[in-house]
> 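One structure follows; several queries about it will come next.
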There are 2 protein chains.
Amino acid sequence: MSGNETRASMIEAAVATVREIGYSGATSRAIAHRGGFNQALVYYHFGSVDGLLLAALDDLGAARLEEYRKLVDRADTLDELLAAAQRIYRRDRRSGHVAFVSQLVAGSAERPELAREVLARMEPWVTFTEDALSKALRLTALEDVVPVEELAYAVLTYYLGLNLLTQLDPRRARADALFESLRGVVPLVERK
Amino acid sequence: MSGNETRASMIEAAVATVREIGYSGATSRAIAHRGGFNQALVYYHFGSVDGLLLAALDDLGAARLEEYRKLVDRADTLDELLAAAQRIYRRDRRSGHVAFVSQLVAGSAERPELAREVLARMEPWVTFTEDALSKALRLTALEDVVPVEELAYAVLTYYLGLNLLTQLDPRRARADALFESLRGVVPLVERK
DNA sequence: GTCTATACTTGGATAGAC
DNA sequence: GTCTATCCAAGTATAGAC
């Protein structure tokens with residue numbers, strides 16, 4: 001297997017492991033076992049387990065941001081944005097990508113170094129959400145009432161909590177019904 | 001020190017440790033060091049580290065639920081409920097109690113046994129939030145549009161995410177401004 | 001670039017003295 | 001009920017062969 005292929009398979013295994021058994025279960029041995037490669041390779045390629053996890057975060061983040069920007073760019077109204085958000089949620093749920101991020105956030109508690117890096121990689125998502133919201137709120141009465149920055153941060157916060165809770169309670173933590181309900185709220189806030 | 005005093009001090013140390021260095025940092029040794037007692041006592045009194053953490057969750061939960069019920073019982077309108085929620089948030093933020101819960105949820109990923117127990121202890125909070133919301137939404141147009149169960153679960157989900165993110169980003173993850181903004185939304189949904 | 005082997009560290013858990 | 005001592009398992013990280 002070439003160096004690049006191995007790198008990619010390691011990142012994949014890292015995401016899968018964190019997703020399934022959490023940050024504290026994602027040891028170099030567990031990840032290597034899951035991906036079918038040697039444990040020592042983690043240190044050769046990424047220096048440390050956290051290094052591997054951050055590389056994975058980079059990979060996922062870039063791919064997802066590009067993909068989701070396209071989806072959201074097409075949404076002009078609040079209702080359309082909610083529909084796009086629901087599609088995004090379903091994808092993230094299936095892939096487990098945000099569950100991965102949630103676990104990294106939780107695991108950062110004891111590692112200031114990791115925390116700093118994770119935080120830096122969340123920044124583009126704050127901007128992304130702000131942009132989407134400010135466009136969609138333009139035609140609603142919410143525009144004058146709720147600062148977009150606050151709301152964007154709240155949306156990301158909720159999303160993080162949702163993906164964390166899904167691991168604990170997969171049956172119940174389904175946001176689909178909530179998305180539908182929120183779309184029912186739209187008429188109430190539309191600017192007449 | 002009597003048995004009961006030791007028990008209480010162990011629970012306190014456990015909460016502080018999880019809050020400060022996260023679930024994966026909260027080893028029996030770390031907790032014992034923090035509380036100034038012997039590591040072996042964790043196993044004598046609680047059987048395991050997870051046993052201690054669950055006992056702490058019981059203690060905190062009972063105290064907080066009773067206290068917060070009083071606060072919320074006095075709130076009759078949505079605006080008053082938001083004000084009460086803001087007070088609760090400030091207390092939890094200071095005490096770190098919900099940060100503790102968030103860490104337990106995250107740590108449960110690899111421990112089905114712990115997950116089950118944590119989940120069971122969240123149940124009263126779902127009911128609590130549902131009750132509060134259904135009373136407060138009665139006078140608003142939201143009553144017909146958003147199912148209370150969905151909303152209550154979403155509120156708890158957000159709260160969990162908020163307390164998780166606060167550890168990572170204490171400067172920014174402040175919900176105070178958001179609470180204020182939400183109170184500005186109330187007039188929009190009041191039933192005319 | 002990938003493997004084996006291993007030194008070192010940390011944590012869970014228990015036995016037995018006090 | 002609390003302590004010391006200790007065993008065992010698991011994880012990090014590196015050296016060195018291939």
> State whether A/Glu123 and B/Arg172 are salt-bridged, where the test is any N-O pair (Lys NZ or Arg NE/NH1/NH2 against Asp/Glu carboxylate O) under 4.0 Å.
yes

> Roughly, in whole Å, what's the span from CZ in A/Phe46 to P in C/dG1?
11 Å

> Are A/Tyr44 and A/Thr6 close enough, and set up right, to give a side-chain contact (heavy atoms from CB on, under 4.5 Å), and what steps lead you there?
CA-CA 12 Å; A/Tyr44 176 77; A/Thr6 301; over 6 Å; no

> Please state whether the phosphate of C/dG1, meaning OP1 or OP2, lies under 4.0 angstrom from any side-chain nitrogen or oxygen of A/Thr6.
no

> What is the distance, rounded to the nearest whole Å, between atom CG of A/Asn38 and atom P of C/dC3?
5 Å

> Tell me: CD1 of A/Ile31 to P of D/dA10, nearest whole Å?
17 Å

> To the nearest Å, how far apart are B/Arg7 CZ and D/dT2 C1'?
16 Å

> When the side chains of residues 70-78 of chain B are checked against the rest of the protein, which donor-acceptor pairs come out under 3.5 Å, sequence neighbours left out?
from	atom 1	to	atom 2	distance (Å)
B/Thr77	OG1	B/Glu80	N	3.1

> Relative to the ring of A/Phe179, is the ring of A/Tyr89 parallel (under 30°), tilted (30 to 60°) or perpendicular (over 60°)?
tilted

> Search all heavy atoms of B/Ala55 against all heavy atoms of B/Arg7 and return the closest pair with its distance.
CB-NH2, 4.5 Å

> Reading nucleotides 11-17 of chain C 5' to 3', which nucleotides get B (base under 4.0 Å from a protein heavy atom), which S (sugar-phosphate only), which -?
BBBB---

> Round to the nearest Å and state the distance from B/Phe37 atom CZ to D/dC3 atom P.
10 Å

> Atom NE2 of B/His33 and atom P of D/dC3: how far apart are they, to the nearest Å?
14 Å

> Kindly list each side-chain donor-acceptor pair under 3.5 angstrom involving residues 35-43 of chain A, sequence neighbours excluded, with atom names and distances?
from	atom 1	to	atom 2	distance (Å)
A/Asn38	OD1	A/Ala40	N	2.9
A/Gln39	NE2	A/Ser28	OG	3.3
A/Tyr43	OH	A/Ser28	OG	3.4

